Amino acid sequence: SDGVMIATIAENGGRLRDDAAAAPIYGTVEAPYDSGFGGVGYGLAIAEAIDGSESTTSVAAAFFPYTDGWIGGSVSDAGQIVAGNGAATVTQLMPPAPSMQNGVFNVAIDGVTPESGMLFVVGASNENNLAGAAVLSDGTWNVAVRDNNNVDFNGVDEFEADDFNFVFVGTDTQGLIGGQVTGFDAADASAELALSGGDFDLTRVAEGQYRLTIDGETPESGMLLLTNNTPTTLSDGTVAASNQYLTYGMENDDFLIEMRQLVDGAEPTLVDGQFSFAFVSYSNPMQVPEPSALGLFGAGALALLIARRRR
């Protein structure tokens with residue numbers, strides 16, 4: 001693999017079915033590094049958040065070439081980096097009980113920490129998984145992988161051991177417009193940021209809904225990378241990312257970001273939480289500190305070949 005792909009659902013809310021009385025479609029996306037598309041190395045797989053079945057929705061994706069200096073990797077369900085760039089170490093954590101699946105992975109990268117940038121992640125198994133990255137005080141991240149149709153898998157301490165992709169975007173990235181959001185001010189609804197780069201305005205509109213304004217940019221001129229950072233603490237004290245995920249859509253010329261929480265057998269609900277975001281311009285994409293281009297795979301409502309889900 002010569003790079004890593006990160007994808008985001010670019011459509012908010014649920015898409016109506018032919019049967020208007022049925023529950024809407026809430027899609028999530030993965031970016032398998034071994035897509036199964038006749039030997040093609042990269043792909044996108046969309047699944048419904050209520051039942052995990054294959055689906056379609058609008059999606060955006062960015063490709064980060066390793067030759068351009070991006071730090072990232074594709075990680076197997078056993079915690080092995082099968083392709084990547086940078087001195088990263090991934091450790092699959094032990095679950096609280098031996099019978100449980102082990103889907104929480106610690107990611108440590110030499111020379112960088114959550115204080116110097118953001119880790120963006122996406123599931124990479126071509127199934128129906130979500131991935132999030134909890135920010136730890138020791139300078140690393142715990143990535144949690146779970147089914148998108150099962151709130152707690154087989155219990156609150158269990159996650160699904162499956163593949164994921166990651167890329168690190170530092171605050172020194174040229175052209176960075178983004179940040180790590182830890183909350184919103186109760187008085188004026190402005191974002192509270194652990195770190196940020198570039199000029200933007202991010203405010204809370206309502207629970208789980210946030211308006212992002214970037215001067216001179218719209219959802220037609222670029223896409224968003226989004227990763228859930230909301231922490232949850234397991235019974236053994238391990239901190240992992242919660243069962244929430246993010247999407248974005250267009251409202252006038254602004255981005256409207258939504259965070260939803262999984263609900264077993266029902267529509268995901270809007271909730272507040274912590275997250276990282278970064279804007280990727282289609283015409284002038286951000287670059288690693290030593291100038292090099294970010295390759296874009298595509299954005300918007302893409303016509304995709306979706307491989308059959310594998311279990």
Side-chain angles (χ1 to χ4, degrees), residues 6-13 28-29 60 62 107 112-122 130-137 139-144 166-173 175-215 217-219 222-233 239-251 253-262 268-281 286:
I6 305 294
T8 309
I9 294 294
E11 181 176 340
N12 286 332
T28 63
V29 64
V107 178
V112 301
T113 71
E115 294 183 350
S116 58
M118 299 165 285
L119 194 75
F120 291 96
V121 299
V122 66
L130 296 176
V135 177
L136 305 185
S137 59
T140 65
W141 297 263
N142 274 353
V143 175
F166 71 91
V167 69
F168 176 79
V169 177
T171 54
D172 60 352
T173 299
L176 172 64
I177 299 175
Q180 180 193 327
V181 181
T182 57
F184 290 83
D185 186 88
D188 63 6
S190 61
E192 298 171 343
L193 301 162
L195 54 82
S196 65
D199 295 326
F200 60 86
D201 182 55
L202 179 64
T203 57
R204 182 181 186 271
V205 177
E207 184 169 8
Q209 293 184 315
Y210 319 104
R211 178 177 290 106
L212 174 65
T213 302
I214 304 171
D215 286 344
E217 303 290 359
T218 75
M223 63 165 284
L224 294 182
L225 305 176
L226 295 168
T227 287
N228 172 37
N229 299 138
T230 310
T232 185
T233 302
V239 176
S242 65
N243 57 356
Q244 290 153 235
Y245 71 98
L246 294 119
T247 64
Y248 75 89
M250 186 173 183
E251 186 172 88
D253 286 335
D254 296 334
F255 294 87
L256 185 65
I257 299 170
E258 291 190 347
M259 173 173 275
R260 293 183 179 269
Q261 187 167 42
L262 299 179
T269 57
L270 289 166
V271 296
D272 288 325
Q274 302 179 23
F275 62 94
S276 296
F277 75 95
F279 172 75
V280 182
S281 168
M286 58 186 175

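Below, each value reflects all heavy atoms present in this structure, side chains not excepted, and no hydrogens, waters or symmetry copies. This is a predicted model, so every value here is computed, not measured. The first residue of the sequence shown is numbered 1, and numbering continues consecutively from there.
Using a 4.5 Å cut-off on side-chain heavy atoms (C-beta onward), Glu11 and Thr247 make no contact. Residues Leu212 and Leu224 meet the side-chain proximity criterion, which asks for heavy atoms closer than 4.5 Å. Counting heavy atoms from C-beta on, the side chains of Leu176 and Val169 come closer than 4.5 Å.
The distance from atom CD of Glu217 to atom CZ of Phe255, rounded to the nearest 0.5 Å, is 7.5 Å. One distance of note links CD of Glu192 with CG of Asp185; it measures 5.5 Å at 0.5 Å rounding. Rounded to the nearest 0.5 angstrom, Leu270 CG and Glu207 CD are separated by 7.5 Å. Note that CG of Leu246 is 11.5 Å distant from CG of Leu225, once rounded to the nearest 0.5 Å. A distance of 13.5 Å separates CZ in Arg204 from CD1 in Ile257, rounded to the nearest 0.5 Å. Here the straight-line distance linking atom CG of Leu262 with atom CD of Gln244 works out to 8.5 Å at 0.5 Å rounding.
Shown here for Gly249 and Asn12, the closest heavy-atom pair between the two residues is N-ND2, 3.1 Å. When all heavy atoms of Met259 and Thr230 are compared, the pair lying nearest together is CE-OG1, 3.9 Å. Considering all non-hydrogen atoms of both residues, Met286 and Ala278 come closest at CE-CB, 4.4 Å. When all heavy atoms of Ala240 and Ala134 are compared, the pair lying nearest together is C-CB, 3.6 Å. Minimum heavy-atom separation, Tyr245 to Pro268: OH-CG, 3.5 Å. Phe184 and Thr203 make their closest contact through CE2-C, 3.9 Å (heavy atoms, listed as atom of the first residue, atom of the second, distance).
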List the steps, then state whether side-chain contact (heavy atoms from CB on, under 4.5 Å) holds for Tyr248 with Met223. CA-CA 9 Å; Tyr248 75 89; Met223 63 165 284; 3.4 Å; yes
Starting from the C-alpha separation in whole Å, work towards a yes-or-no answer on side-chain contact (heavy atoms from CB on, under 4.5 Å) for Phe168 and Val107. CA-CA 11 Å; Phe168 176 79; Val107 178; over 6 Å; no
Give the C-alpha distance, both sets of side-chain angles, the deciding distance and a yes or no for side-chain contact (heavy atoms from CB on, under 4.5 Å) between Tyr210 and Leu256. CA-CA 6 Å; Tyr210 319 104; Leu256 185 65; 6.0 Å; no
Trp141/Phe166 under side-chain contact (heavy atoms from CB on, under 4.5 Å): CA gap, chis, key distance, verdict: CA-CA 11 Å; Trp141 297 263; Phe166 71 91; over 6 Å; no
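For Glu258, the salt bridge (Lys or Arg N to Asp or Glu O under 4.0 Å) partners at least two apart in sequence or on another chain are Arg260. With sequence neighbours excluded, the residues that form a salt bridge (Lys or Arg N to Asp or Glu O under 4.0 Å) with Arg211 are Glu251, Asp254.
In this structure, Phe277 and Phe200 have perpendicular ring planes: the angle between them is above 60°, well past the 30° mark.
Enclosure of atom CG in Asp188 by more than 12 non-hydrogen atoms of other residues, nucleotides or ligands within 6.0 angstrom is indicated.
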Output a table of donor-acceptor pairs, distance under 3.5 Å, between side-chain atoms of residues 113-122 and any protein atom two or more places apart or on a different chain; print 'none' if there are none.
| residue | atom | partner | partner atom | Å |
| --- | --- | --- | --- | --- |
| Thr113 | OG1 | Glu115 | N | 3.1 |
| Ser116 | OG | Thr113 | N | 2.9 |
| Ser116 | OG | Thr113 | O | 2.9 |

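The side-chain hydrogen bond (donor to acceptor under 3.5 Å, both in side chains) with Ser276 is formed by just one residue from the set Asn229, Thr227, Asn228; it is Asn229.
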